[in-house]
Number of protein chains: 2
Amino acid sequence: MSESVFADRLTRLIALSPDEHALLTGVEERERRVRRNGVLFSENDRVAELFVLRRGMMMSYVLLDDGSRQIQRFLFPGDLIATTSLVYAKAPDTVMAVHDSSLGAIDRQALADVVLRCPRIGLGLLALEQVERVAMSDRLAAVGRTSAKARVAALLLELRNRLRATAPAGIDSFAPGITQEEMGDATGLTAVHVNRMIRQLEEERLIGREGGRFTIRDEASLVRIANYIDRYAGLDMGWLTVRG
Amino acid sequence: MSESVFADRLTRLIALSPDEHALLTGVEERERRVRRNGVLFSENDRVAELFVLRRGMMMSYVLLDDGSRQIQRFLFPGDLIATTSLVYAKAPDTVMAVHDSSLGAIDRQALADVVLRCPRIGLGLLALEQVERVAMSDRLAAVGRTSAKARVAALLLELRNRLRATAPAGIDSFAPGITQEEMGDATGLTAVHVNRMIRQLEEERLIGREGGRFTIRDEASLVRIANYIDRYAGLDMGWLTVRG
DNA sequence: CGAGCCGTTGAAAGATGTCAAACGGCGTGG
DNA sequence: CCACGCCGTTTGACATCTTTCAACGGCTCG
């Protein structure tokens, strides 16, 4: 793995030339570390840079004025954070570390310069954005139209798939390390009800648990009740041929 | 207004040079018309182009396998449709006309070529994408964490704001022309309950109605109970200076 | 004139939230 | 090393919100 998680991720979508790769690696500058429960930035903060998550796990959320929280997404290594700073002066969400994390900070002007010099990187960013958007659509459909059990099942599947990317191979269990309260805030449920759904999934032998560690026991059934689709698989940018 | 709604919209975010504007206008080719309730494309269709909505109103939705529907967004003139075709071979959603509509179809390869030649357009697309994403986050928070009444109020405010952009000035009422069933599918509620919430808002004199036409009577209260933020206002791309 | 879609309303059922309490683990300070 | 306190999980009883089911009326379109 090179120094730039970001360049690596982009390369997986669009083959970058060595020059492009170098340019992109060069722009990812300041390292930033955030400890568990530490806040990278808060809603309405003025943020003029983007971040790439290198190690750890974070989450993006908004607080409503009755105090409730909606977690919009969990963030994993390679994910881009605060891309909205390209357009909004103030952050629309808060980003907090779920586990100790380290990030690379990219000045938005510097990134814009790279894109201007190397437009294929702009296409790559656009591509990453699409994946995020579709994933968010799925979450909207889950929260709007599926049962509590289905939402919890979908969250577990998503967490497993994203964590598996960085986990040591051969282990089929995963430990997201988040509280049931956080699972609730991600799925639009209360912590109490999340707990009931988890235990129900456990009793039906769809999942297993020990400590904070989960095992998918019956993936087919789980996928079925969750309406789950893995959007990080099945990408296709092969059509993109570079013309003179 | 020039021939290209799309170029116009982009220009509002990033000042395009005459050349860039011309290039962008040139690429928007085939006209496509869809009548009310007509389908532009369905989930899993192979879509290799993007569309710009020129006139009318459309919606994007997904169907779950229990038959329920989640409307992800309503689409208005200037909105970009099927940008996911940049990354996914198959459409993740269905797009249907709410009213008679006309669109411009843009081949994805043609658009990519434009971006490669004129990277600032790539940045503009990225910017548009951010706005959509933030709007979708708001919907997720609304559906996940707010009451039925709040969701209906938020939907009405959003519809008014988006419709106002094309409506004749001076009229403060609006006629979205959608059924209560559709409002329910957009907010994660049943048509029956949407009806109850609308009548409640009406009784509390927050909105007025006659026929299918709504009036916002007490915008401040409505915004408050809806947690509403207009994301199409307050954009800032002034930081983007073009360097050599 | 009839059929069907949409809006409206009531009654009842079901899902999820709220409140309260107990339990366990884990880190901290004594 | 132990005791304490805090945080997260678990469970039960109950409240509330939203859905479901059913029926009716108005309106439009054939």
Side-chain angles (χ1 to χ4, degrees), chain A residues 35-37 59 64 66-71 96 98-100 142-156 175-204 207-214 225-226, chain B residues 35-37 59 64 66-71 96 98-100 142-156 175-204 207-214 225-226:
Chain A
R35 310 198 73 89
R36 175 173 180 75
N37 292 328
M59 61 181 177
L64 282 70
D66 67 345
S68 62
R69 173 176 67 170
Q70 175 69 47
I71 295 176
M96 175 182 279
V98 175
H99 304 318
D100 294 355
V143 172
R145 283 292 183 226
T146 73
S147 70
K149 205 206 293 194
R151 292 184 230 172
V152 171
L155 177 62
L156 289 174
I178 61 178
T179 65
Q180 294 179 359
E181 175 112 37
E182 286 159 345
M183 297 179 70
D185 286 342
T187 52
L189 300 167
T190 58
V192 173
H193 206 59
V194 167
N195 182 276
R196 289 197 246 262
M197 295 304 104
I198 288 177
R199 325 214 85 244
Q200 204 173 318
L201 291 172
E202 196 180 6
E203 286 212 356
E204 294 164 357
I207 63 172
R209 283 194 310 156
E210 55 174 315
R213 186 163 284 276
F214 292 86
I225 71 165
Chain B
R35 308 199 73 90
R36 175 173 179 75
N37 292 329
M59 61 182 177
L64 281 69
D66 67 346
S68 62
R69 173 176 67 168
Q70 175 68 49
I71 295 177
M96 174 182 280
V98 174
H99 305 316
D100 293 356
V143 173
R145 283 294 184 224
T146 73
S147 69
K149 205 206 293 192
R151 292 184 230 172
V152 172
L155 177 61
L156 289 174
I178 60 178
T179 66
Q180 294 178 358
E181 176 113 34
E182 285 159 344
M183 297 180 69
D185 286 343
T187 52
L189 300 167
T190 58
V192 173
H193 207 57
V194 166
N195 181 275
R196 290 196 241 264
M197 295 303 103
I198 287 177
R199 323 213 86 244
Q200 204 172 318
L201 291 172
E202 195 180 7
E203 286 211 355
E204 295 165 357
I207 64 171
R209 284 194 309 156
E210 54 174 317
R213 185 162 284 276
F214 292 86
I225 72 165

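- A donor-acceptor contact shorter than 3.5 Å links the side chain of B:H99 to the backbone of B:P176.
- We find that NE2 of B:H193 is positioned 18 Å from P of C:dG14, with the value rounded to whole Å.
- Phosphate proximity of C:dT8 to B:N195: present, with a side-chain N or O under 4.0 Å from OP1 or OP2.
- Among the atoms of the strands shown, none is found under 4.0 Å from any heavy atom of B:G211.
- Atom C1' of nucleotide C:dA15 and atom NZ of A:K149 are separated by 13 Å, given to the nearest angstrom.
- To the nearest 0.5 Å, atoms CD (B:Q200) and CD1 (B:I207) are separated by 10.5 Å.
- Taking the nucleotide of DNA chain C with the nearest heavy atom to each of A:T146 and A:V192, the more 5' of the two is matched to A:T146.
- Distance, A:M197 CE to C:dG17 C1': 12 Å, rounded to whole Å.
- In this structure, A:R199 does not reach the D:dG12 phosphate: none of its side-chain N or O atoms is under 4.0 Å from OP1 or OP2.
- One can place CD of B:E181 at 11 Å from P of C:dC5, the figure rounded to the nearest angstrom.
- The residue among B:A148 and A:T179 whose nearest nucleotide of DNA chain D lies closer to the 5′ end is A:T179.
- At whole-Å resolution of the value, CD1 in B:I198 and C1' in C:dC6 are 12 Å apart.
- The distance from the CE atom of B:M59 to the CG atom of B:D185 is 8.0 Å, given to the nearest 0.5 Å.
- Within 4.0 Å (heavy atoms only), B:G188 reaches sugar-phosphate atoms of the nucleic acid but no base atom.
- When each of A:L189, A:V194, A:V152 is checked for a side chain to side chain contact (heavy atoms under 4.5 Å, CB included) with A:Q180, only A:V194 meets the rule.
- Rounded to whole angstrom, the span from the CE atom of B:M183 across to the P atom of C:dG7 amounts to 9 Å.
- Between the CD atom of A:E203 and the C1' atom of D:dT11 there is a distance of 13 Å, rounded to whole Å.
- One cannot find a donor-acceptor pair under 3.5 Å joining the base of D:dT19 and the side-chain atoms of A:R145.
- Residue B:Q180 contributes atom CD, which lies 11 Å from atom P of C:dC6 at whole-angstrom precision.
- If you take CE on A:M96 and CZ on A:R35, they are separated by 14.5 Å, rounding to the nearest 0.5 Å.
- An OP1 or OP2 oxygen of C:dA15 is reached within less than 4.0 angstrom by no side-chain nitrogen or oxygen of A:R196.
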